[in-house]
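Below is one structure, written out as structure tokens; the observations come after it.
Residue numbers start from 1 in every chain, and the chains themselves are labelled A, B, ... in the order their sequence lines are given, proteins ahead of strands. These numbers were taken from a predicted model, which means no experiment stands behind them.
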Amino acid sequence: MLDPKLLRTELPDVAAKLEIKGFVLDQAKFSELENDRKTWQIEAEKLQNERNVRSKAIGQAKAKGEDVASLLQEVAELGDKKSAADARLSEIQDLIGALTNRIPNIPHESVPAGKDEEDNKEVLTWGEPKQFDFEAKDHVDLGEKDSLLDFEAGIKLSGSRFTVMRGGVAKLHRALIQFMLDVHSNEHGYEEVSVPFLVSPASLYGTGQLPKFEEDSFKISGERELYLIPTAEVPVTNLVRDTILSPEQVPQKMVCHTPCFRSEAGSYGRDTRGLIRQHQFEKVELVQIVKPEDSYAALEELTGHAEAILQKLELPYRKVILCGGDLGFSAAKTYDLEVWLPGQNKYREISSCSNCEDFQARRLQARWRKPGQKKPELVHTINGSGLAVGRTLVAILENYQQADGRVKIPNLLRPYLANEEFIN
RNA sequence: GGAGAGGUGGCCGAGUGGCCGAAGGCGCUCCCCUGCUAAGGGAGUAUACCCUGACCGGUAUCGAGGGUUCGAAUCCCUCCCUCUCCGCCA
């Protein structure tokens with residue numbers, strides 16, 4: 001959520017900045033609602049005050065044993081006017097709420113203009129896309145051997161976009177999770193946390209998935225209203241919901257492995273082959289809760305931590321800064337890391353690292369006590385994948401494939417896999 | 001599944017119709033005292049919105065939403081959540 005004060009006082013400026021994101025803010029409608037809100041709020045509060053004054057007088061008169069009949073009559077006359085004003089006011093407030101809840105975050109000034117993926121700006125590339133002296137297969141073909149990637153079984157059990165992994169690939173998948181968690185917690189200073197995979201609507205609202213993106217998530221049936229998490233960002237960032245942190249509790253750096261569930265509504269036909277786009281995938285997520293003045297440094301740091309995994313696994317990648325049009329709802333600035341996939345002969349997203357500034361914090365009511373300042377201040381929240389495990393697995397299969405169809409295990413992963421040299 | 005208890009400010013915890021935005025304690029901030037890794041005294045200390053140049057002032061908020069009433073933290077209804085005991089189960 002944006003600062004309501006900012007919306008009221010600098011509406012044209014806010015609207016201009018949101019345009020970079022491809023969001024059209026109906027300024028006329030907003031101002032009109034705001035004006036209405038103001039008049040009706042003043043009216044409603046005035047009437048309420050009149051009633052309060054009289055009610056108090058009744059109490060005092062009764063205490064003294066005086067007659068209260070005339071006062072009672074005065075109050076009765078206020079009734080209709082007041083309930084009409086109240087009704088109008090809450091109607092307007094609902095309309096304003098419905099509008100502001102769906103306004104995305106304002107892009108940071110360093111975010112390039114642009115419409116979609118095509119306009120994202122490359123920041124750097126690392127490593128060289130591998131050249132093979134044979135025809136490179138994609139992970140689907142590589143995984144077919146011994147049904148290490150069993151797409152048929154996934155479909156049988158659950159339908160499209162679900163996959164079963166077996167044997168060496170299942171082990172590699174597990175090894176990757178542990179490797180990532182170890183690097184981030186041991187070398188990068190993150191606290192490892194384990195969280196629920198089902199969350200309340202309040203949690204999804206806090207990080208911005210609700211109310212605008214209801215159709216993207218899986219809601220479970222049952223007496224309780226719960227959703228499967230689309231990313232660990234939701235439960236982990238919500239850890240600071242409704243809390244005021246003391247200065248020594250900031251920054252917080254947390255790493256968390258969870259499965260992620262996405263309905264992928266609206267992406268029918270995209271990436272239908274292979275592991276790239278699944279309804280269920282696993283991810284190791286990095287989250288930082290920081291002081292506002294530190295958040296852009298934290299974004300660079302966190303992105304570097306995600307890059308470190310790719311570098312340790314010796315996977316070629318590039319780093320892009322998302323243009324306004326490609327930026328997510330809650331993000332002010334996002335770096336995507338894209339790993340090289342020989343099977344597709346292109347770079348594919350494997351991590352997305354965002355600074356949400358105080359946008360999520362305002363919805364979460366997550367604040368900290370800034371020394372020397374009376375009011376608690378909203379924190380800034382940073383999150384990023386470190387990394388998407390399924391896609392990392394794809395990258396390893398495709399980048400480490402041999403002419404004979406076998407797949408080498410990256411050096412640093414071998415200790416996790418009984419020091420084997422190849423996946424089998 | 002059965003039976004109970006409860007949700008109040010940064011935290012703990014009083015408060016069964018008006019004098020309650022809310023006692024008291026803890027914590028925190030400032031001041032005084034004390035010459036020491038301690039204690040004592042005093043003052044202050046919720047959030048949002050409206051009004052004002054500012055001060056003052058106003059409105060709302062005691063889990064959420066409705067209701068009763070001139071007036072609700074307090075009474076009634078519905079919902080949400082937490083806890084305890086029993087049963088069942090990993």
Side-chain angles (χ1 to χ4, degrees), chain A residues 1-9 11 30-31 33-101 194 196-206 210-211 219-227 235 238-250 252 289 358 361-379:
Chain A
M1 195 165 80
L2 293 178
D3 185 352
K5 218 166 268 173
L6 198 67
L7 275 169
R8 280 197 288 266
T9 58
L11 187 61
F30 184 81
S31 321
L33 283 170
E34 257 303 301
N35 284 333
D36 282 357
R37 195 214 87 227
K38 210 166 193 172
T39 19
W40 285 103
Q41 182 166 341
I42 292 169
E43 175 70 7
E45 290 186 359
K46 196 190 86 193
L47 292 166
Q48 181 68 38
N49 175 242
E50 286 178 22
R51 198 193 72 178
N52 287 350
V53 167
R54 282 167 179 73
S55 292
K56 201 166 250 179
I58 292 170
Q60 283 162 357
K62 272 191 172 175
K64 291 183 204 153
E66 294 168 5
D67 179 48
V68 295
S70 65
L71 279 167
L72 282 174
Q73 199 184 338
E74 281 182 45
V75 175
E77 285 163 11
L78 281 170
D80 286 349
K81 274 165 79 179
K82 192 178 111 53
S83 51
D86 286 347
R88 187 82 187 96
L89 178 63
S90 74
E91 197 179 305
I92 294 162
Q93 280 172 331
D94 286 351
L95 287 171
I96 291 176
L99 193 70
T100 53
N101 267 333
S194 175
F197 306 153
L198 290 167
V199 294
S200 65
S203 294
L204 283 166
Y205 174 81
L210 288 181
K219 187 177 188 175
I220 65 158
S221 66
E223 354 182 325
R224 288 221 244 165
E225 201 180 355
L226 290 169
Y227 294 81
N238 269 276
L239 287 172
V240 293
R241 170 151 52 89
D242 294 324
T243 53
I244 300 179
L245 301 163
S246 54
E248 64 271 17
Q249 287 177 295
V250 192
Q252 292 193 15
I289 311 295
D358 64 11
R362 185 169 294 107
R363 293 172 157 242
L364 294 163
Q365 281 303 296
R367 294 162 295 171
W368 75 296
R369 286 208 186 279
K370 187 173 186 176
Q373 193 175 296
K374 202 177 161 197
K375 285 189 176 186
E377 181 180 64
L378 293 166
V379 296

Under a 4.0 Å heavy-atom criterion, the protein footprint on nucleotides 61-77 of chain B, written with B, S and -, is ---------BS------

Just compare [options] and give me whichever is closest to any side-chain atom of [X].
| X | options | result |
| --- | --- | --- |
| A/Ile244 | B/U59, B/G10, B/A48 | B/G10 |
| A/Ile42 | B/C51, B/C81, B/C49 | B/C51 |
| A/Gln41 | B/U47, B/C81, B/C50 | B/C50 |

Could you state the [atom1]-[atom2] distance from [X] to [N], rounded to the nearest angstrom?
| X | N | atom1 | atom2 | value |
| --- | --- | --- | --- | --- |
| A/Lys5 | B/C49 | NZ | P | 5 Å |
| A/Leu89 | B/C49 | CG | C1' | 10 Å |
| A/Asp242 | B/U47 | CG | P | 15 Å |
| A/Lys370 | B/U45 | NZ | P | 23 Å |
| A/Arg362 | B/A48 | CZ | P | 11 Å |
| A/Arg224 | B/C79 | CZ | P | 16 Å |
| A/Leu378 | B/U47 | CG | P | 12 Å |
| A/Gln365 | B/G9 | CD | C1' | 15 Å |

Would you measure the distance from the [atom1] atom in [N] across to the matching atom in [M] and give it in whole Å?
| N | M | atom1 | answer |
| --- | --- | --- | --- |
| B/C49 | B/A54 | P | 15 Å |
| B/A23 | B/C31 | C1' | 25 Å |
| B/G15 | B/G6 | C1' | 16 Å |
| B/C62 | B/U74 | C1' | 10 Å |
| B/U59 | B/C20 | P | 16 Å |
| B/U34 | B/G41 | P | 15 Å |
| B/G7 | B/C12 | P | 12 Å |
| B/C76 | B/U69 | C1' | 12 Å |

Measure across [X] and [Y] and return the closest heavy-atom pair with its distance rounded to 0.1 Å.
| X | Y | answer |
| --- | --- | --- |
| A/Pro201 | A/Tyr227 | CG-CE1, 4.0 Å |
| A/Arg362 | A/Asp3 | NH1-N, 3.1 Å |
| A/Pro247 | A/Pro371 | CG-CG, 4.1 Å |
| A/Asn238 | A/Ala202 | OD1-O, 4.2 Å |

Describe the nucleic acid contact of A/Lys82 in one word from base, sugar-phosphate, nothing, applying a heavy-atom distance below 4.0 Å. nothing

Under 4.0 Å between any heavy atoms, over every strand shown, what does A/Pro4 touch: base, sugar-phosphate, or nothing? Just pick one. nothing

Show, in sequence, the C-alpha distance, side-chain angles and deciding distance for A/Thr100 and A/Leu2, and conclude whether the side chain to side chain contact (heavy atoms under 4.5 Å, CB included) test is met. CA-CA 7 Å; A/Thr100 53; A/Leu2 293 178; over 6 Å; no

For RNA chain B, just give me the dot-bracket, please: Watson-Crick or G-U, both distances below 3.5 Å, ( ) intra-strand, [ ] crossing earlier pairs, | paired with another strand, . unpaired. ((((((((.[[[..)..(.....]]]((((((.......))))))(((((......))))).[[[[[..)....]]]]])))))))....

Are any side-chain N or O atoms of A/Arg363 and backbone N or O atoms of A/Asn101, one a donor and one an acceptor, separated by less than 3.5 Å? yes

For the side chain of A/Arg54 and the backbone of A/Glu50, is there at least one donor-acceptor N/O pair under 3.5 Å apart? yes

With a 3.5 Å cut-off and sequence neighbours excluded, list the donor-acceptor pairs that the side chains of residues 86-93 of chain A form with protein atoms.
| residue | atom | partner | partner atom | Å |
| --- | --- | --- | --- | --- |
| A/Asp86 | OD2 | A/Lys82 | NZ | 2.7 |
| A/Arg88 | NH1 | A/Glu91 | OE2 | 3.2 |
| A/Ser90 | OG | A/Ala87 | O | 3.3 |

Under the side chain to side chain contact (heavy atoms under 4.5 Å, CB included) criterion, do A/Asp36 and A/Leu95 qualify, and how do the steps go? CA-CA 11 Å; A/Asp36 282 357; A/Leu95 287 171; over 6 Å; no

Between A/Arg367 and A/Glu50, which has a closest nucleotide on RNA chain B that is more 5'? A/Arg367

Ignoring backbone atoms, test whether [X] places a side-chain nitrogen or oxygen under 4.0 Å from the OP1 or OP2 oxygen of [N].
| X | N | value |
| --- | --- | --- |
| A/Arg37 | B/C49 | no |
| A/Asn49 | B/G58 | no |
| A/Gln48 | B/A60 | yes |
| A/Lys38 | B/C51 | yes |

Classify the side-chain pair A/Asn52/A/Gln48 by whether it contains a donor and acceptor separated by less than 3.5 Å. yes

Nearest-0.5 Å distance, CZ of residue A/Arg367 to CG of residue A/Asp242: 8.0 Å

